[in-house]
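The next block holds one structure in the form of structure tokens; read it before the comments.
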Amino acid sequence: MSIFQTINEVTKTDLITDRLTQAIESGLLKNGERLPGESEMARMFGVAPITTREALEQLRSRGLVETRRGRDGGSFVTSDQHRNFKRLENSLAAMSTMDLKNHRALYIALVSSSARIATEEASDSERTGIRSAIESLVTSLNQQTPDSSIQECLSRGHQEMQIHTEIAAATGSSHLVNTLIHLQEELRHLLWIRFADSQQVEFLAKQYAYAAHLLETWQNQLFERRITDIVIVGFSWLAERRIQLLQERFADGHSPKDSSNATTYETPLEISHQIRDLFNEYGETLRQWELKLTERSSREVLSKQQFDELAEQLTRPLLQADRLVVGAGLIPSPDFLPNAPWHSSWWTSQWPSDARFTEATKRNGDAPIIQPLRISDNPQSASFYDFTAQDWWQTPRNTDGLHITGPYFDYICANKPTLTLSRPFYVNRNFAGVAGLDLDAGSVEQRLDSMLLRLERPAAVISNENRVIASTRNTMLCGDLVRDVGQLHAKAIISCGVGSSSAGSATQRGTGIHGSALESLTLAVL
């Protein structure tokens with residue numbers, strides 16, 4: 001199904017702007033540094049001069065570049081290190097922990113495999129070069145003081161990136177090197193932030209010093225493990241720092257500026273009601289879709305075209321109005337539509353990003369691009385997608401009511417961390433399919449984080465599948481599996497999806513065909 005995934009419309013201007021923004025924020029391009037001219041930059045990037053001109057205009061609008069006239073004129077970086085560091089921290093606070101886990105998994109895989117292959121295949125000179133780079137970083141870390149500038153701290157992050165890149169290069173694989181560099185860019189060099197933390201600096205100096213010793217003494221497996229552990233600890237630090245930033249923002253926004261009164265917290269019961277209301281709003285939307293579809297189907301046998309038109313009519317208003325919703329539709333049972341088995345009516349939406357306002361979204365205005373999902377309905381095809389095997393289908397098939405699946409990485413539809421809400425629809429009291437919608441798990445996490453921060457203690461929202469949906473504890477990230485929820489000592493059960501379905505009367509009479517249950521979430525105060 002990856003063949004027909006939605007392709008994000010990112011222009012060359014957006015890519016250049018993002019790359020230069022990251023270089024400025026991370027200190028690779030320093031304050032006052034003169035950028036190449038438009039024509040020279042266009043030649044270097046391999047694009048038309050108008051593309052670099054547009055990129056520079058965007059950088060000027062962000063206050064990152066200024067243009068001076070005259071003989072000594074040109075475009076110059078206007079970088080403030082404190083502002084840049086704040087922008088990096090803002091990027092961390094805005095990142096979902098599931099995205100953080102996604103980057104962590106790939107980074108660990110790349111560094112671990114690179115270290116293993118490099119220690120086996122690198123020449124003596126390459127091993128010496130890697131060790132020298134590590135020792136240079138250790139020297140820099142040992143020279144760092146509390147008075148060191150933010151620019152100096154971030155430069156240590158650049159040194160670390162160079163070490164990882166040299167290790168990857170020693171494998172002889174350009175794919176490893178390019179993937180690692182691209183990953184650093186996607187992560188926006190956020191690992192560099194930890195070099196401004198004195199405790200992390202002390203830890204890193206010791207760990208890298210030991211790694212250099214392991215490399216010198218040919219203890220290859222221990223070297224690989226040490227380099228990998230450093231990365232793991234780094235991402236754990238990012239998760240913890242993210243929570244700290246959110247707590248600081250909450251305190252700044254809610255504590256009186258001129259009073260000694262403490263921040264006013266809410267009770268777990270109050271927060272559980274707010275969480276229930278959030279999910280019940282979507283549950284009610286699905287119930288209304290179900291009722292309308294059932295009413296229409298009871299009057300006539302719908303054709304494939306009529307079913308698609310009705311599905312789009314029901315889902316498009318929600319997709320156009322709600323940024324949390326990234327997909328929605330109706331999935332009929334394989335035997336529901338005449339001459340159209342395995343058909344699905346699903347639409348995806350892509351909202352313009354603040355960081356990347358592409359040409360397509362400019363044409364569309366501040367509204368999402370909504371597209372139908374195209375999947376194979378041929379069971380003989382290698383790309384056939386059997387939706388009846390998915391949890392979001394199977395549970396509603398057997399149990400009437402709202403069901404929440406995830407968080408999980410949805411590579412079929414949204415191509416991002418997703419929560420799927422679904423419930424069955426019926427025709428003549430017989431199961432006929434599923435109505436569902438996809439929520440951006442990262443955006444839901446941020447919404448729930450703002451609620452959980454109002455509690456006096458760390459807390460987590462856990463799905464019925466024992467998956468963490470949101471948490472204010474850095475050891476419980478979105479999507480993590482909590483193997484024994486029963487061991488959590490303070491819990492509130494949140495019942496979602498109140499409302500009878502079109503099969504309600506049959507269910508109440510106990511036909512035995514469908515059970516009836518409310519979806520439960522757990523609010524655990526930790």
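Numbers here are sequence positions counted from 1. No experiment lies behind these values; they were computed from the predicted model shown.
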Original post:
Does the side chain of Ser123 come under 3.5 Å of the side chain of Ser125 through a donor N or O and an acceptor N or O?
Top reply: yes
Subject >> Donor on one side chain, acceptor on other, Asp391 and His403, under 3.5 Å >> reply: yes
Original post:
Would Asp440 and Lys416 count as a salt bridge (Lys or Arg N to Asp or Glu O under 4.0 Å) if you check the C-alpha gap in whole Å, the side-chain angles of each, and the deciding distance to 0.1 Å?
Top reply: CA-CA 7 Å; Asp440 182 336; Lys416 63 171 57 179; 3.4 Å; yes
Subject >> Heavy atoms from other residues, nucleotides or ligands near CZ of Arg19 exceed 12 (cutoff 6.0 Å) >> reply: no
Subject >> Closest non-hydrogen atom pair between Ala460 and Leu452, with its separation >> reply: CA-CD1, 4.3 Å
Original post:
To the nearest 0.5 Å, what is the distance between CG (Leu100) and CG (Leu190)?
Top reply: 8.0 Å
Subject >> Main-chain N/O of Gly406 paired with Glu465 side-chain donor or acceptor, under 3.5 Å >> reply: yes
**OP:** Show your reasoning for whether ring pair (Phe, Tyr, Trp, His ring centres under 6.0 Å) applies to Trp218 and Phe223.
**Re:** CA-CA 8 Å; Trp218 290 81; Phe223 173 77; over 10 Å; no
Original post:
Any donor-acceptor pair under 3.5 Å linking the side chain of Ser61 with the backbone of Gln58?
Top reply: yes
**OP:** Would you mind reporting whether Ile134 and Leu137 have side-chain heavy atoms less than 4.5 Å apart?
**Re:** no
Original post:
Any sub-3.5 Å donor-acceptor pair from Gln151's side-chain atoms to Gln81's backbone N or O?
Top reply: no
**OP:** Indicate whether the side chain of Ser96 and that of Gln446 have a donor and an acceptor atom separated by less than 3.5 Å.
**Re:** no
**OP:** Could you tell me whether the side chains of Thr52 and Glu38 share a donor-acceptor contact shorter than 3.5 Å?
**Re:** no
Subject >> Side-chain H-bond candidate by donor/acceptor type, Ser112 with Glu224, under 3.5 Å >> reply: yes
Subject >> Tyr208 and Glu135 side chains, donor-acceptor separation under 3.5 Å >> reply: no
Subject >> Parallel, tilted or perpendicular, as decided by the 30° and 60° cut-offs, for the rings of Phe235 and Tyr107 >> reply: perpendicular
Original post:
Shortest non-hydrogen contact from Leu88 to Arg188?
Top reply: CD2-O, 3.5 Å
Original post:
Among side-chain atoms of Arg454 and Gln274, is any donor-acceptor pair under 3.5 angstrom?
Top reply: yes
Subject >> Euclidean distance, Leu92 CG relative to Arg87 CZ, rounded to 0.5 Å >> reply: 15.0 Å
**OP:** Tell me yes or no: between the side chains of Thr388 and Gln394, is some donor less than 3.5 Å from an acceptor?
**Re:** no
Subject >> Polar side-chain atom of Thr119 near backbone of Arg116 as donor-acceptor pair, under 3.5 Å >> reply: yes
Subject >> Arg467 (side chain) donor-acceptor with Gly479 (main chain) under 3.5 angstrom >> reply: yes
Original post:
With a 4.0 Å cut-off, would you call Glu54 and Lys12 a salt bridge?
Top reply: no
Original post:
Do Trp342 and Pro379 have side chains that get closer than 4.5 Å, going by heavy atoms?
Top reply: yes
Subject >> Contact check, side chains of Trp192 and Met161, non-hydrogen atoms, under 4.5 Å >> reply: yes
Original post:
Strictly by modelled atom types, are Thr97 and Arg242 linked by a side-chain donor-acceptor pair under 3.5 Å?
Top reply: no
Subject >> For Leu419 against Ile404, the heavy-atom pair lying closest together >> reply: CD2-CG2, 3.9 Å
Subject >> Trace of the salt bridge (Lys or Arg N to Asp or Glu O under 4.0 Å) decision for Arg473 with Glu240 >> reply: CA-CA 8 Å; Arg473 172 172 283 185; Glu240 183 176 5; over 6 Å; no
**OP:** Using the side chain to side chain contact (heavy atoms under 4.5 Å, CB included) rule, pick out the option among Asp18, Thr51, Val47 that qualifies with Thr13.
**Re:** Thr51
Subject >> CD/Gln162: more than 12 non-hydrogen atoms of other groups inside 6.0 Å >> reply: yes
Subject >> Nearest-0.5 Å distance that lies between atom CG in Asp99 and atom CG in Leu477 >> reply: 11.5 Å
Original post:
Going by atom types only, do Arg127 and Asn220 share a side-chain donor-acceptor pair under 3.5 Å?
Top reply: yes
Original post:
Hey, are Asn178 and Ser174 close enough side-chain-wise for a donor-acceptor pair under 3.5 Å?
Top reply: no
Original post:
Between Thr399 and Pro396, is there a donor-acceptor pair closer than 3.5 Å when you use the side chain of the first and the backbone of the second?
Top reply: no
Original post:
How far apart are the C-alpha atoms of Thr21 and Arg62, what are their side-chain angles, what is the distance that settles it, and do they pass the side chain to side chain donor-acceptor pair (under 3.5 Å) test?
Top reply: CA-CA 9 Å; Thr21 296; Arg62 299 179 187 180; 3.1 Å; yes
Original post:
Is any side-chain heavy atom of His189 less than 4.5 Å from a side-chain heavy atom of Glu25?
Top reply: no
Subject >> Beyond-backbone contact of Gln159 with Ser136, side-chain heavy atoms, under 4.5 angstrom >> reply: yes
Original post:
Looking at side-chain heavy atoms only, is the closest gap between Arg194 and Leu238 below 4.5 Å?
Top reply: no
Original post:
Strictly by modelled atom types, are Asp438 and Thr418 linked by a side-chain donor-acceptor pair under 3.5 Å?
Top reply: no
**OP:** May I ask you to decide if Ala524's main-chain N or O and Thr522's side chain share a donor-acceptor pair within less than 3.5 Å?
**Re:** no
Original post:
Just how far is it from atom CE of Met41 to atom CG of Leu56, taken to the nearest 0.5 Å?
Top reply: 4.5 Å
Subject >> Residue Glu120 excluded, over 12 heavy atoms near CD under 6.0 Å >> reply: yes
**OP:** Say whether Tyr385 and Ser344, considering side chains only, have a donor N or O and an acceptor N or O under 3.5 Å apart.
**Re:** no
**OP:** Taking all heavy atoms of Val77 and all of Asn31, pick out the closest pair and write down the distance.
**Re:** O-OD1, 3.4 Å
Original post:
Salt bridge or not for Lys30 and Glu33, using N-O below 4.0 Å?
Top reply: no
Subject >> Considering all heavy atoms, the nearest Gln199-Asp197 contact >> reply: N-OD1, 2.9 Å
Subject >> Separation of Thr17 OG1 from Glu57 CD (nearest 0.5 Å) >> reply: 10.0 Å
**OP:** Answer yes or no: is there a side-chain heavy-atom contact under 4.5 Å between Leu246 and Thr472?
**Re:** no
**OP:** For the pair Asp480 and Lys101, find out whether any cationic side-chain nitrogen is under 4.0 Å from an anionic carboxylate oxygen.
**Re:** yes
**OP:** Taking Ser422 for its side chain and Val434 for its backbone only, find out whether a donor-acceptor pair lies under 3.5 Å.
**Re:** no
**OP:** Kindly compute the distance separating CD (Gln350) from CG (Asn415), expressed to the nearest 0.5 Å.
**Re:** 10.5 Å
Subject >> Minimum heavy-atom distance Gly486-Lys491, with the two atoms named >> reply: O-NZ, 3.9 Å
Original post:
Between the side chain of Gln144 and the main-chain N/O of Phe195, is any donor-acceptor distance below 3.5 Å?
Top reply: yes
Original post:
Do Val461 and Val468 pass the side chain to side chain contact (heavy atoms under 4.5 Å, CB included) test, and can you show the C-alpha distance, the side-chain angles, and the key distance before you say yes or no?
Top reply: CA-CA 6 Å; Val461 179; Val468 176; over 6 Å; no
Original post:
Do NZ/NE/NH1/NH2 and the carboxylate oxygens of Glu202 and Lys206 come within less than 4.0 Å?
Top reply: yes
Subject >> Side chain Thr171, main chain Ala168, donor-acceptor under 3.5 Å >> reply: yes
